[in-house]
Amino acid sequence: MKQILCFFAWSAVVVASVFCGVADGWAQDGLPGAIDTGDTAWILVSSAFVLCMVLPGLALFYGGLVRSKNVLGTIMHTGSILCLISLVWVLVGYSLAFGTDVGGLIGGLEFLGLMGVGEEVYPGTGIPHLVFMVFQLMFAAITVALITGSFAERMKFTALLLFAVLWSVCIYSPLAHWVWGGGWLGEMGALDFAGGAVVHISSGFGALVCAMVLGQRKGHGVEPMPPHNLPMTVLGTGLLWFGWFGFNAGSALGANGGAASAFVATHIAACAGGIGWMVAEWMRSGKPTVLGLASGVIAGLATITPGAGFLGPLSALLLGLLAGALCYGAVVWKTKLGYDDSLDVVGIHGVGGFTGIVATGLLASVGGQTGLLFGNPGQLWIQLVLGVASIVFVMVGTYIILKIVDVVVGLRVTPEEESVGLDLSQHNERAYS
Amino acid sequence: MKQILCFFAWSAVVVASVFCGVADGWAQDGLPGAIDTGDTAWILVSSAFVLCMVLPGLALFYGGLVRSKNVLGTIMHTGSILCLISLVWVLVGYSLAFGTDVGGLIGGLEFLGLMGVGEEVYPGTGIPHLVFMVFQLMFAAITVALITGSFAERMKFTALLLFAVLWSVCIYSPLAHWVWGGGWLGEMGALDFAGGAVVHISSGFGALVCAMVLGQRKGHGVEPMPPHNLPMTVLGTGLLWFGWFGFNAGSALGANGGAASAFVATHIAACAGGIGWMVAEWMRSGKPTVLGLASGVIAGLATITPGAGFLGPLSALLLGLLAGALCYGAVVWKTKLGYDDSLDVVGIHGVGGFTGIVATGLLASVGGQTGLLFGNPGQLWIQLVLGVASIVFVMVGTYIILKIVDVVVGLRVTPEEESVGLDLSQHNERAYS
Amino acid sequence: MKQILCFFAWSAVVVASVFCGVADGWAQDGLPGAIDTGDTAWILVSSAFVLCMVLPGLALFYGGLVRSKNVLGTIMHTGSILCLISLVWVLVGYSLAFGTDVGGLIGGLEFLGLMGVGEEVYPGTGIPHLVFMVFQLMFAAITVALITGSFAERMKFTALLLFAVLWSVCIYSPLAHWVWGGGWLGEMGALDFAGGAVVHISSGFGALVCAMVLGQRKGHGVEPMPPHNLPMTVLGTGLLWFGWFGFNAGSALGANGGAASAFVATHIAACAGGIGWMVAEWMRSGKPTVLGLASGVIAGLATITPGAGFLGPLSALLLGLLAGALCYGAVVWKTKLGYDDSLDVVGIHGVGGFTGIVATGLLASVGGQTGLLFGNPGQLWIQLVLGVASIVFVMVGTYIILKIVDVVVGLRVTPEEESVGLDLSQHNERAYS
Amino acid sequence: MKLVQTMIKPFKLDEVKEALVELGIQGMTVTEVKGFGRQKGHKETYRGAEYQIDFVPKVKIELVIPDDMEQRVIETIVRAARSGSIGDGKIFVSELKTALRIRTGEIGDGAL
Amino acid sequence: MKLVQTMIKPFKLDEVKEALVELGIQGMTVTEVKGFGRQKGHKETYRGAEYQIDFVPKVKIELVIPDDMEQRVIETIVRAARSGSIGDGKIFVSELKTALRIRTGEIGDGAL
Amino acid sequence: MKLVQTMIKPFKLDEVKEALVELGIQGMTVTEVKGFGRQKGHKETYRGAEYQIDFVPKVKIELVIPDDMEQRVIETIVRAARSGSIGDGKIFVSELKTALRIRTGEIGDGAL
Ligand SMILES: Nc1ncnc2c1ncn2[C@@H]1O[C@H](COP(=O)(O)OP(=O)(O)O)[C@@H](O)[C@H]1O
Ligand SMILES: Nc1ncnc2c1ncn2[C@@H]1O[C@H](COP(=O)(O)OP(=O)(O)O)[C@@H](O)[C@H]1O
Ligand SMILES: Nc1ncnc2c1ncn2[C@@H]1O[C@H](COP(=O)(O)OP(=O)(O)O)[C@@H](O)[C@H]1O
């Protein structure tokens, strides 16, 4: 163990030192000429907002839902992924996703270690290249972090780290390239404004495979495992919502009409999602719940993500209501299937993301795009291809990665460690004293 | 119950579907020509900031102050209002408030369902119409949410929803129209920069009526009911403060000198409010408290709201100190009057809002406005009219709405439900496990 | 006691009233001509972000680390400092730091009470003078608040207030002037982008003196004193990180390439800091911890602060890794020295700040600056002078102030109060009921 | 001496304490417990999954008293704690051998 | 009557409760406690400082039963609570003088 | 066997535990409780409303011991828990009928 860590630490240092002189000098010759300060301000803010979604947002959203003996372990999943994947993105990931396209499949290596990524304007926008890079970095980090909800309370920490790095490099970067980086899906005309496929389908269906491969938690379906701190989850929900404005409206890459439109659609879908889930739950089980409202908000947000810039406000409202009810159904239905997706990543992000991708093909009417209902039936077909291709790629890839990780370090903690909880067994800490 | 819910759900869907095609297409012909990216960035951010005030800010501020058996119920008040009122605003409220003026009293219906509200510049600003709309939406949501502090720990959830919708449509939208939407108060020259009357007087005096009509909590004045989690309230305070920069400085509708001035006045008043309350409490009861400091900050913020864009920094300092001490006095005095305004909405927002409205008439000196002390005695008179008219309208209206709600669904939970707590009785959930 | 409070309250009111008419009128004649809305939006946002770092960020970061009987007392340190020092800054501090230079040592008095600080553009930027002032205000507040971690759980509240005011006026303002306000260190060419010396060295070495002068907590080294709520500390970490984007990238004073570069360096260093600490701890004590990751992130952020605008991404990565490991070492080493720096202000901010100042002299390559490794050996020397001069000035000054405060009101609570906890003994409150 | 243990509804704690203090009781110890009994618990729902929670929050008071107060203490508790609805709780009495006050070393009834 | 106290591992609570209910037990009181025993505690590390925590979370069940059920109750608890590893806990039995149901005033076995 | 219960000041817990361990005690159970006694509680103030809180946080230790250790255990507790100020707490001793170790089924002194 120690040797491996040592080795990693040192390689990082060595590699970095080598690039250091080269790349850091290189990056400076961009001309800041055409930077638009308003656009730049907005995307800087949006990047910070997305950070806020990851930490503290998602960390607390998930942390509140687990049992108190696992809250730190759960937070650590998100926290360590944020740190680690950010560095991976800087060193490798960004280049693979946004480097010059190679055969529609992957980006070139010219941006390794951010060589040549500087203060100059990013083509087609009014913001510096570095700002575009860091905005995308946050997306890369949150996507991997989202998956962790499916194997909460039982994953080994070393396995988590290895899984995260492999998944980010081998699944996220290529997929981002396909859709946004000049790859084949984007070229086909697939619409994914802020990551319905790249972020939500990929994390949601990755999560499905994880839940199936890792198996249920000890006591799943037998002991009650109520969330240990729902106000913490509400706090996480609020921060996710707040940050999602950066996520979606920031994807316009400027403070323009498109951002305005995406901002409004995002907010409306969040609200409608909350109401949709609440009403569905109220009708089925007799009482509306806080966790239901919160889950519906997240479902609405995940669902509007791919169409945020393409849907009008009333379409967003309709889609949000639908998303809330549908994801509630998916989550209820899950209990019948028997896999243990602990924090419902599949039911919310997977189902929501796919619904949003399809709905974009139906309801697009803004931002120069149109869907089936506005006279462009071809778009629906493209969207289906986008959705299905993402699902297949992600599920197969995630399966292979999990198998590799299992062989190398083993996926699950021991049953003994699991009943003690991740906090003490993995980290020698307790959350509350 | 179920039928009503079904009915609501379906009508929403149907109505939305009808508008969908019409409005969503319509909204797109604005020309984004004169949009200022800096202004747009700032108001997008400000809108997100105000969301952050509502959720998680206000939800946690209030949630920490109640007993642990009611924390989810309290959070749910704010959360469900945010979702529901946002949709009401999109469908109806915005049009009533900001549609073309009808007789000085109400806005026209041309913006129903956001028809015609698009990416084009909002007159007199550099921001898209949609951005103006969504910024105002956040104000509509927070105002209703503020009221809930007065009837915390005892309101029936169905009553809450009905009350919120009626109050927003019948009180908030008209009042917003009178002051900001081209109505009679605005025409009179009344100054209310960011909502001293529209937001704080209305919620504060609405809260007074609510506390009186609903009556005291079981055990009020007999059992101690200490806040169950003050760090949660501090967190809420911090997020409210943070968001208030968007609330007040965003009300300049651009990233200009006016925003700068409002930002600074806001911060100074918050600090002075905290100090004012702390010193007053220290002198009266021997010890300064964290809850006192936090309450004073909110009092300072509520009080500066109407004058944020019109007062200089030292006036803000003076007003803040006064606000802290005065609101502390009001809260202490309340215990003698016997009504149970559980979380002190009257003492802080009502008293603070009215004080601010009057102080603006005295101290205005910035942004092209002047008050009595700067040579314009007429302004004080106008401000008094603004304050008193708002109080009368809100109190009468709130009373009528409460009576209607009481008849339709009943206002209070049963005594049994009240002693079990709202979390279990209304929502089948516990906050902490 | 009461009289003193009365006296302070009244003097504030009187002084303010006098300035009121004069200054508030004065401030308005700036011409908003050359304001850049994008830059202004970004610095307004940045100021709000830094507020968010102080409250709720730092308050909760520290609050989670203490025992539950002291959490409110700890939060109160940060909260009251924020309020009080903001007012001190407005009345005096800003002028001493940024008024016209007097002999390289201190600023003139022309900005007392913000006289002449208005909406006009601040020279050399596109933002109003008031915005520059309020951005700097947040720095002044957080610096003093950072120190409180060193004497947590034992400082008398009156002593805290007096200490904060004296320290801010006599240490912070002059130091800020020396480096940023036209004083001798800035003139020498010392580089401190966002406050490695002004903020982190000063709070860190001030903290060292405080820990030594106040002495250990009762039971230090004997009883275990585990953090009472680590998720609260994680929340604080997340908000600090989020806000730090404003702190560092805002220090570019505009939404430009420099801000982009600082933003990216900040994020990378934070992530690398987290990884660095985690790996170091993992290797030494066998398990990675959440508190370790969080501490490493803060260490990375503190360390990159002075060089955020001058270092390239890979330099930031390297420096971050180093910062995490180094600060971990410092914190472990501390236990051997025996002083009780309760929340490790010295080990993180002191060590991190000094490391960052020196590293800037080595690695600067961006923003028109170069360090030793990029061919400018002189810079390293200047940076050493900056670091050492700050340390000496701060340590001597802090010592004198503490002695004065000790004589006037006494520094520590009684042993009885200490074992009851600050919450009850100083504030008559309990955090959780 | 007797050790009296009683499990009551939490919101009755203040009333019971007051009544006992009036009777001359000078000390007691209170613990938050969860009770299982005829009073049924409640349902909780989280994301569609329903849990039946059988345990109800109760407060346990422990009270050491001289033998001759037993009857009066029991009556007082019953009077103050009874609400008449299910779940009002129980009183259990057992014999105690020794009581000692740590501060003074007093033993027996004088230690109470 | 007997007062049975048992300290068990928290995750065994549901099982033990079910087993006792099947036996016909109608009431019990549960407290979260920290146990010290042969089962060693754990280490915690905070910023490089290591603490040995000797106390392990346990659950205490208190159970008042008629004399004739003692044997069966003990056996049932042992069966349900045993995992075979160290720290499974203890059962302590003592004599009880009186039991009283507050709601009805019933005394003795009828109050249980 | 004897059941010793003692309510002490929370910050004395570690000291008392150490002293008992030295004496050879191998197990104990600890509960966080609130005590009411001669030690007065404290005032709390929330937005101008003042509450008198009568209950003080205490720690209760339960200890089952063989009969012959009673005297030594009591002395040890008194020595370790005494601070001399009011609120140091009480020791209560009662008779115990049976003790049983769940893991092994051992009964009596051997189960402790
Ligand atoms: N046999 C028992 N042993 C220990 N505690 C009991 C027993 N029976 C009841 N209790 C305690 O008394 C409380 C009230 O009992 P319950 O049966 O619910 O109501 P009631 O006393 O009105 O019949 C329970 O919650 C439990 O804490
Ligand atoms: N002498 C004792 N007095 C009171 N409680 C005890 C005693 N011995 C053990 N316990 C309780 O029983 C629990 C289990 O005891 P332990 O020695 O850890 O395991 P085992 O019963 O398997 O030997 C302890 O955590 C403690 O709560
Ligand atoms: N009669 C009693 N029955 C049960 N517990 C008691 C009794 N008297 C005191 N206690 C417990 O002992 C603690 C200390 O008692 P107190 O009267 O405050 O101090 P002292 O023991 O120094 O006189 C109390 O907080 C309470 O928990």
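Below, read A as the first sequence line, B as the second, and so on, with proteins coming before strands; counting in each chain starts at 1. None of these values were measured; they are calculated from a predicted model.
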Are any of the side-chain heavy atoms of C/Ser86 and B/Ile268 separated by less than 4.5 Å? no

Does B/Leu317 reach the side chain of C/Leu91, with side-chain heavy atoms less than 4.5 Å apart? yes

Could you measure the distance from the CG atom of C/Leu137 to the SG atom of B/Cys271? Nearest 0.5 Å is fine. 7.0 Å

Kindly give the heavy-atom pair with the smallest separation between C/Glu119 and B/Ser261, and that separation in Å. OE2-CB, 3.3 Å

With a 4.5 angstrom heavy-atom cut-off, which part of C/Val45 approaches chain B: side chain, backbone, both or neither? both

Any chance you could measure B/Asn229, atom CG, to C/Ser433, atom OG, to the nearest 0.5 Å? 9.0 Å

To the nearest 0.5 Å, how far apart are CG in B/Leu291 and CE in C/Met76? 10.0 Å

Please classify the contact of C/Phe49 with chain B as side chain, backbone, both or neither, using a heavy-atom distance under 4.5 Å. both

Side chains of C/Leu55 and B/Trp241 in contact at under 4.5 Å (non-hydrogen atoms): yes

Chain C contact via B/Asp39 - which portion, at a heavy-atom distance below 4.5 Å: both

Proximal component of B/Pro227, with respect to chain C [non-hydrogen, under 4.5 Å]: backbone

Most heavy-atom pairs under 4.5 angstrom with chain C, which of B/Gly64, B/Ala280, B/Gly274, B/Gly258? B/Gly258

Residue pair C/Thr158, B/Trp282: steps toward the side chain to side chain contact (heavy atoms under 4.5 Å, CB included) verdict: CA-CA 11 Å; C/Thr158 43; B/Trp282 202 339; 3.6 Å; yes

Residue pair B/Phe263 / C/Val131, side-chain heavy-atom distance below 4.5 Å: no

Is chain B contacted by the side chain of C/Thr74, its backbone, both, or neither, given a heavy-atom distance below 4.5 Å? neither

Are any of the side-chain heavy atoms of B/Leu314 and C/Leu114 separated by less than 4.5 Å? no

Heavy-atom check, side chain of C/Leu60 versus side chain of B/Met232, under 4.5 Å: no

Contact class of C/Ile43 relative to chain B, heavy atoms under 4.5 angstrom: neither

B/Met278, part contacting chain C, at a heavy-atom distance under 4.5 Å: side chain

The interface call for C/Leu422 against chain B, heavy-atom contacts under 4.5 Å, is neither

Please flag which part of C/Ile85 lies under 4.5 Å from any non-hydrogen atom of chain B: side chain, backbone, both or neither. neither

Sort C/Leu84 into side chain, backbone, both or neither according to what part of it lies under 4.5 angstrom from a heavy atom of chain B. both

Please name the pair of heavy atoms, one in C/Leu87 and one in B/Ala272, separated by the smallest distance, quoted to 0.1 Å. CD1-CA, 4.0 Å

Tell me which of these, B/Gly38, B/Gly273, B/Ala249, B/Gly292, has more heavy-atom pairs under 4.5 Å with chain C than the rest. B/Gly38

What's the shortest heavy-atom distance between B/Phe242 and C/Cys52, and which atoms? CD1-CB, 3.7 Å

By a 4.5 Å heavy-atom criterion (distance strictly below it), what part of C/Ile75 contacts chain B: side chain, backbone, both, or neither? side chain

Measure the shortest side-chain to side-chain distance between C/Leu44 and B/Phe245 over non-hydrogen atoms and say whether it is less than 4.5 angstrom. no

Mind listing the closest non-hydrogen atom pair of B/Gly257 and C/Ile35 along with its distance? N-CD1, 4.0 Å

Can you find a heavy atom in the side chain of C/Glu429 that is under 4.5 Å from one in the side chain of B/Lys287? no

Evaluate the criterion side chain to side chain contact (heavy atoms under 4.5 Å, CB included) for residue pair B/His267 and C/Leu82; output intermediate values, then yes/no. CA-CA 10 Å; B/His267 183 68; C/Leu82 172 59; 4.3 Å; yes

Shortest non-hydrogen separation from C/Cys83 to B/Val297 and the atoms involved: SG-CG2, 4.0 Å

Minimum heavy-atom distance C/Leu72-B/Val290, with the two atoms named: O-CG2, 3.4 Å

Please classify the contact between B/Leu293 and chain C as side chain, backbone, both or neither, with a heavy-atom cut-off of under 4.5 Å. side chain

Of the backbone (N, CA, C, O) and the side chain (C-beta and beyond), which part of C/Pro56 lies under 4.5 Å from a heavy atom of chain B, both, or neither? both

